[in-house]
Amino acid sequence: MGRLVIKNALLECGFNDEFQQPASTITEKKDILIEHGIIKEVSDSIQDTAEAEILDARGQLILPSFKEMHIHIDKTYFGGPWKACKPITNGILTRIEEETKLLPEQLKHAPERADLFIQHLIKHGHTYIRSHCNIDPSIGLENLKVTVNALEKYKDKISYDIVAFPQHGLLRSEVEPLMREAMSSGATLVGGVDPATIDKNIDKSLETMFDIALEANTGLDLHLHDPDTLGEFTFYKLIELTHKHGLEGNVTISHAIALGDLHGEPLSNMLKAIKKAGIDITTTIPINRPTIPVIALDQAGVSVSVGHDSLTDHWSPFGSGDTIEKLSILAERFRLSDERSLSQAWKYASGGITPLDKAGNQVWPKIGDVANMLIVDAGCSAETVARRKPITHTIAEGKVIN
C-alpha cells in the first residue's frame, strides 16, 4: 500500500461552548502520514514525503468513512431503465411472489448492475459493504455467485460481508440445504426473515438459523418487520437463543420494526435485554411508520447503524446511497439540531467512530488507526450532516479509492 501524505487536512479537536451558545466545533489544519494502511503521524507539517503519494486536502474536513450495513446489490434496477413498483395486494408476499419470476429474468443484468451499485457506494464514502443476497428456489445460488464476483472485484478497495438471505422464508421455501451450501460458497453471515409471518413457526425458523450459523462458525442477521407484540415476542426468542448458543455480539436485527411500537417499561426492558445479548440493530430510518427509537437505543448502549436497503428495485423506487443524506434525515427525525448532537450522529454510519466524543475530546484520528476516511467539503461534521455537504475523496486503508 506504500505511503500517503494528506496535506492541509481540517481535523476536529473540540467543542467551544464556553463563550457562545450554541456551541461550535474547534478545528485545526494538520498533515497526516499513512503507511501500509495505518495512520503513523498527525502533525502540523510532515516533510518526510519520500516515495509517498501526496493528497492536498485544501483545508477540507477529514471524517471517518462509512459502513453500509444493509443493502441488496443482487436484485437492483440500478443502472437500468426506470421502473416503479407494482401495487402491494398481499403484504410482503406480494413482493416474494413477484420475485419467483423476476429474479431469473434479471439475472443477465445482475453482474453489471451490482458493479455499478458498488461503484456508487464507494463514491458516497463506503469502505465496507454488508450485502444481503437472495437464496431461494427460483434463483438457487446464482445471485450469490453474482454478489461474490462483484464484491471480490473490489476487494483491494473495500471490505465486505455477504448475508445468505432466504427472502422467501427459510422453512416456507425449504432452502435449508441451499443455505448450508451458500455458507461454503462465499456467504459470510446467515440471514433470516420474519419467522412468524413468513415461516409460520418462530421456534423452528430461528433454531434452524442458529444451527446453520453454528455449523459455519459465523453470525446472523435477521430481517424482522413484524410489529408490536409479535415482533417483541420474536425478539425475546432470538435473545434467548443468542445466549443459549453463546453468540453474544454476533447477531444483528435488521429493521426491528417493533421497537418503534414499544414504549415505557416494555421498551426499557427490551433495550436492556438486547444490550445484554450484544445484539446490534440496523435501520433505514423509515418515515412511513413509527421509526425505531435510535437515540434511546444508543443511550441504552445498544449499537445502532443505518443502511439503505436498496437504491431502486421491485420493493421500493426510493434510495440514493447517500449516507450523509440518510444521517441528515435521522437528525431531522429525532430533532438533532445542536452542534454536539449533529456531530455525534456520524457514529450511526461509521461503525461507532466519531472525531469527538460526547464531551468534546478528540478520539479520532489517532496513531495506529486504520486509515479509512473521507475528505468532505465542510467545516465540521455537524455542518456535513445538517447541510448534506459533498464528499470529495474516499480513502480505504490508506488508498485513495475515489
Side-chain angles (χ1 to χ4, degrees), residues 1-14 25-68 115 118-129 150-161 321-324 327 343 346-347 349-357 360-385 389-402:
M1 295 179 185
R3 308 177 85 220
L4 173 67
V5 176
I6 304 176
K7 306 286 287 184
N8 304 309
L10 194 66
L11 300 181
E12 298 184 345
C13 55
T25 300
I26 304 169
T27 58
E28 54 190 11
K29 281 187 182 179
K30 296 287 184 180
D31 290 355
I32 303 171
L33 170 63
I34 300 164
E35 291 183 349
H36 305 295
I38 303 297
I39 297 172
K40 293 295 184 180
E41 183 182 350
V42 179
S43 62
D44 291 337
S45 179
I46 294 174
Q47 301 301 321
D48 179 14
T49 60
E51 299 182 1
E53 178 184 356
I54 308 297
L55 176 60
D56 190 348
R58 302 180 184 278
Q60 295 183 103
L61 184 68
I62 303 292
L63 289 171
S65 65
F66 292 138
K67 292 186 173 184
E68 172 52 74
D115 186 84
I118 295 167
Q119 291 182 42
H120 184 81
L121 291 176
I122 289 173
K123 180 181 177 181
H124 284 85
H126 300 90
T127 57
Y128 168 87
I129 296 172
L151 288 166
E152 273 292 289
K153 180 180 175 181
Y154 292 90
K155 66 180 180 180
D156 63 332
K157 294 185 177 182
I158 61 170
S159 57
Y160 66 86
D161 277 298
D322 185 341
T323 294
I324 292 176
L327 291 176
S343 171
W346 200 263
K347 71 176 127 184
S350 63
I353 304 172
T354 55
L356 305 177
D357 64 17
N361 300 306
Q362 186 182 44
V363 293
W364 182 93
K366 296 291 187 185
I367 306 303
D369 286 346
V370 177
N372 290 329
M373 54 184 63
L374 309 178
I375 300 179
V376 181
D377 187 12
C380 63
S381 53
E383 180 191 9
T384 304
V385 172
K389 304 298 283 186
I391 295 167
T392 56
H393 292 88
T394 303
I395 299 167
E397 297 186 4
K399 181 183 295 184
V400 180
I401 62 172
N402 176 63

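The two residues Trp364 and Leu63 make their nearest non-hydrogen contact at CH2-C, 3.3 Å. Summarising the geometry of Ala396 relative to Ile401, their closest heavy-atom pair is CB-CD1, 3.8 Å, with the distance given to 0.1 Å. Here the shortest heavy-atom pairing between Lys29 and Gly59 reads CE-CA, 3.7 Å. Nearest approach of Glu12 to Pro355, heavy atoms of both residues: OE1-CB, 3.5 Å. The minimum heavy-atom distance between Pro64 and Ser350, with the atom names listed, is CB-CB, 4.1 Å. Residues Gly398 and Ile34 come closest through the heavy atom pair CA-CG2, 3.6 Å.
Note that CG of Asp377 is 5.5 Å distant from NZ of Lys389, once rounded to the nearest 0.5 Å. Atom CG of residue Leu61 and atom OG1 of residue Thr384 lie 5.0 Å apart, to the nearest 0.5 angstrom. Here the CD1 atom belonging to Ile118 is positioned 11.5 Å from the CD atom belonging to Glu68, to the nearest 0.5 angstrom. Taking CD of Glu152 as the reference point, atom OH of Tyr160 lies at 3.5 Å (rounded to 0.5 Å). A distance of 6.5 Å separates OG1 in Thr354 from NZ in Lys347, rounded to the nearest 0.5 Å. The CD1 atom of Ile62 sits 5.0 Å away from atom CD1 of Ile32, with the distance rounded to the nearest 0.5 Å.
You'll find the side chain of Trp346 reaches within 4.5 Å of the side chain of Ile324, heavy atoms only. Proximity of Tyr154 to Ile129: side-chain heavy atoms (C-beta onward) are nowhere separated by under 4.5 Å. Using a 4.5 Å heavy-atom threshold, the side chains of Lys123 and Gln119 count as separate. Contact of the Ile395 side chain with the Ser65 side chain is not registered, since no non-hydrogen atoms from C-beta on lie closer than 4.5 Å. Between His126 and Thr323 there is a side-chain heavy-atom pair separated by less than 4.5 Å.
Using a distance-only test at 3.5 Å, with no hydrogens or angles considered, a donor-acceptor pair links the side chain of Thr394 to the main chain of Ile122. Although no hydrogens or angles enter the test, the distance criterion places no donor-acceptor pair under 3.5 Å between the side chain of Asn8 and the main chain of Asp31.
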Side-chain donor-acceptor contacts of residues 45-53 below 3.5 Å, not counting sequence neighbours, with atom names and distances?
| residue | atom | partner | partner atom | Å |
| --- | --- | --- | --- | --- |
| Ser45 | OG | Gln47 | NE2 | 2.4 |
| Asp48 | OD2 | Arg3 | NH2 | 3.3 |

Side-chain donor/acceptor pairs under 3.5 Å, residues 365-375, sequence neighbours excluded:
| residue | atom | partner | partner atom | Å |
| --- | --- | --- | --- | --- |
| Lys366 | NZ | Gln362 | O | 3.1 |
| Asp369 | OD2 | Lys366 | N | 2.7 |
| Asn372 | OD1 | Glu397 | N | 2.7 |

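A salt bridge does not link Asp56 with Lys7: none of the charged nitrogens is closer than 4.0 Å to a carboxylate oxygen.
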